[in-house]
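Every value quoted in this text rests on a predicted model; they were computed, and no experiment measured them.
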Amino acid sequence: MSTQHILIKGAREHNLKNIDLTLPRNSLIVITGVSGSGKSTLAFDTIYAEGQRRYVESLSAYARQFLELMDKPDVDFIEGLSPAIAIEQRKASQNPRSTVATSTEIYDYLRLLFARLGVPYCHQCGRAIASQSVPQMVEQIMSLPPGSRLSVLAPVIVDKKGEHQKLLQRLRLEGYGRVRINGELLDLDEPIILDKNKRHTIEVLIDRLVVKSGLESRLTDSLELAVGLSDGVVKIAVLDGEELLFSERFACEACGISYPELTPQLFSFNSPQGACPTCSGLGTQLVLDPELVVPDPDLSIREGAILPWANRQSMYHQQMLEALEHHYNFSIRTPFQELSPEAQHVLLHGSGKEKIGFPTERNGRRTVEHRSFEGVLPNLQRRYLDTDSTFIREEIERFMNRQPCPDCQGGRLRREALAVRLGELNISEVTQLTVGQCHSWFKGLILTDHQLTIGRRVLKEIIERLGFLLDVGLDYLTLNRATATLSGGEGQRIRLATQIGSKLTGVLYVLDEPSIGLHQRDNLQLLRTLKTLRDLGNTVIVVEHDPETIMSADYVVDMGPGAGNQGGEVVFSGSPRQLCQHPDSMTGTYLSGRRTIPVPSPRRTPKGYLLLEGARGHNLKDVTLRLPLGVLTCVTGVSGSGKSTLIMDTLYKALCQKFYRAKDRPEPFNRLQGLEHIDKVINIDQSPIGRTPRSNPATYTGLFTLVRDLFARLPEARARGYKPGRFSFNVRGGRCENCEGDGIIKIAMHFLPDVYVKCEVCQGKRFNPSTLEVKLKGKNIAEVLEMTVAQAQIFFQDIPGLRNKFATLAEVGLDYIQLGQPATTLSGGEAQRIKLSRELSKRATGRTLYILDEPTTGLHLADIEKLLIVLNKLVEAGNTVVVIEHNLEVVKTADFLFDLGPEGGERGGRLVTCGTPEEVARSKNSYTGQFLQEILN
């Protein structure tokens, strides 16, 4: 076999049917096919898993224990593999300290650049600061009150790990007697043992002095000795006073403030040297929010307007309210918003020094105690700080919101670091720029020849990395954007940009739908990036449904013909042009235009409107949304234009607050009208239907409850006294206790990955023999769970309740999944359609607002056609469906469109146009309209 090919022989992982396949190396390969056909199994669970496993196995046993060794896939052999790297749609880091800048290493280079080229300014007076000489230090110290006792310290180690025994030994030999380690004064003659894994600060005690006239000469000698020992930095510890820091490098003469040495650690919000001491480098603090304490001001206090008091019924509480009523002349039966500003302020913030007469009982006698009223917010704050109970803290956090830190204003760094500037900006202001703005700023940065000599290589690295982010269409992201807020597609494209920056060759890259979240306008940039990876000498395998990506590939593999057990075969492999002509390929049928998703005619007419006025969260610029009800609406626009901010962060959260008293606060807006037209809001996302293998489609949809009830009513079950719980693998009694109902046993292999083996007792059936003896039409409960939806539809066709639920699952295109299939093995698209089927099977009120964010993720054109049928059924039942979407096949079928933009980030956030797809297509300012025009004509 030529080294120019990857040969796969006998792949049988999951639903793959013993397939053989030959793929060209150093090519852009797209694997496509209907959902559940085996695309990801072939790309990730077979090709990538084997490539990664072989690479890790080539390392020593010691190195392997630190790496995840993947299971050997079920395949005869694979030849021609390279070390593999997967760039998946996994959830980005949820660490609040992880940002776009830190995850791309741009922030590491920024820290180095500011440490070497930054100009420090005084954070009090704003003047540029200069170094301090020893005489200037002496003058400032002598200005302390006479009689002040002080110690002169030389910081030789600042916040560094290690035992530092050589340094301590050197200090002993040089005649120094005492050192201060981590704030504790120790004698150098005594043995000092330091933990090498912890950070330490070591300061040498140079002298102890009392401020008085004539001290100047001795003080000068001590300071010179200190600056020589600690590279120009001296610390003066004043007894019963603050510590003063002096530096031969930086100090403000006017304010008398000395600055530490400019090091990369000073600009790190993850280091104690740089992090803001108030917020510990997070940039935000949890603060009690009056709007969460009083979420619905239309209610009275009696009706529960003040949420922390809503369930208080004690006599003491009632008497307290009566005393407040009497003193401030208000009624607890009046809506909160109609109370006087004074009454509202006292209830929330307390009465201050003003005393109120509260009835109390002492020694059996009723009396009046005059004291101030604490207020709801101070009371919650005090309890939050005082309690050791996790439960109480979590309860109080329901009424708290994250707000910018009052000291650093969200900059995350201490004042000294934020006072260092390059050009006109500090490091925090640089990270507040978008990728595009930052790239332009660095390109236009004017530096002296001396600065360029120092910073040329650092600047080159920063500009290159910013350029890679631009290439993958992320110009609208700000560098300080938390990675936890990124979509799966954005996170994947950041990892893709990082890989381009590494300039590796001879690597096998496997990507999972990198086009997710990208507007058609930005697709071309992404394709150029993928081809750049290929042209470096790598093999790029992409699991993708996007027609433009498929047609740009060097080689295409189409999996199918169906999903689940009906898939797992290679329907076609070859060039994109040959795929379009293939008669058996579902993908080729759509790409060639032989089959299309029809455009509805006429469009539906709205039954009313929901009005959201003045939305201004993130980059939204006072957007007013007049959302039509009873129709299918699409919200479109380029990546970063503000779609999710408008719909998910503003409209959805505002509706959740109104209907469900949700804690999450919506982004700011002026008002929301038309709520009387809807009764609830539901977000149908692609999150898993369960986090463990015990969750499955049967349990999530409620099917399993009906099936268990049916088994419990069988004569055999009744004769044995079996209840429905007997047929649950989560309950003791009916399940196999050897595997506790899992069907598999996990065996830890230490250096090797954990091995999962079928339970020897139940043979993977999950139930004990007695439970399996009860049969319905010859099938026991385990055999029912192994059925596909299509098989179960026939098996339970005489039972209306079950028949309807199975029909709904089949309707959304999931007839191939097994009833007991673990939730962890379901794709995001499959999970979303299971949720849709559950909604369809409910009794409709016809007044529900459904919101879906990019529901076409992971869906083939054939699956999109099925999805649209389901969404239209929801609309036909009188409901409203709002979809955030880039896919033109969905966009063209909508009744109404809102197009945001015109660009992403700060240049976006405006409503470019709205109307029917035909009206939007005629808009010259809309990028979406330009692409729609092509598809509608």
Is any side-chain heavy atom of [Y] closer than 4.5 Å to one of [X]?
X    : Y    : result
I206 : L229 : yes
L526 : S515 : yes
L205 : R180 : no
K160 : Q265 : no
S268 : Q273 : no
L620 : E667 : no
L479 : T99  : no
L466 : L470 : no

Value rounded to 0.5 Å, distance of [atom1] in [X] from [atom2] in [Y]:
X    : Y    : atom1 : atom2 : answer
T928 : H886 : OG1   : NE2   : 8.5 Å
L113 : L422 : CG    : CG    : 5.5 Å
I87  : L496 : CD1   : CG    : 5.0 Å
K196 : K161 : NZ    : NZ    : 11.5 Å
D108 : T102 : CG    : OG1   : 8.0 Å
H123 : N426 : NE2   : CG    : 13.5 Å

[Y] backbone acceptor or donor facing [X] side chain under 3.5 Å:
X    : Y    : value
S271 : F267 : no
T505 : L536 : no
D159 : R199 : no
R414 : C408 : no
D471 : R528 : no
T104 : A101 : yes
E163 : I193 : no
T201 : V158 : no
K643 : M648 : no

Would you tell me whether [X] and [Y] have side-chain atoms, one donor and one acceptor, within less than 3.5 Å of each other?
X    : Y    : result
T478 : N480 : yes
S98  : N95  : no
E903 : Y927 : yes
D407 : T278 : yes

Got more than 12 heavy atoms from elsewhere within 6.0 Å of [atom1], [X]?
X    : atom1 : answer
E139 : CD    : no
E424 : CD    : no
R534 : CZ    : yes
K198 : NZ    : no

Using the six-membered ring wherever Trp is involved, compare the ring planes of H164 and H200 and label them parallel, tilted or perpendicular (cut-offs 30° and 60°).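 The arrangement is perpendicular - the two ring planes meet at more than 60°.
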Among L425, L266, V430, V119, exactly one meets side chain to side chain contact (heavy atoms under 4.5 Å, CB included) together with F114. Which residue is that? V430
R907 and side chain to side chain contact (heavy atoms under 4.5 Å, CB included): which partner among D475, V638, T434?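 Exactly one candidate clears the test, D475.
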Output yes when E461 and R465 qualify as a salt bridge under the 4.0 Å nitrogen-oxygen rule, no when they do not.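 A salt bridge is present here (some side-chain N lies under 4.0 Å from a carboxylate O).
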Let me see the working for F44 and V543 under side chain to side chain contact (heavy atoms under 4.5 Å, CB included), right down to the final yes or no. CA-CA 9 Å; F44 289 96; V543 176; 4.0 Å; yes
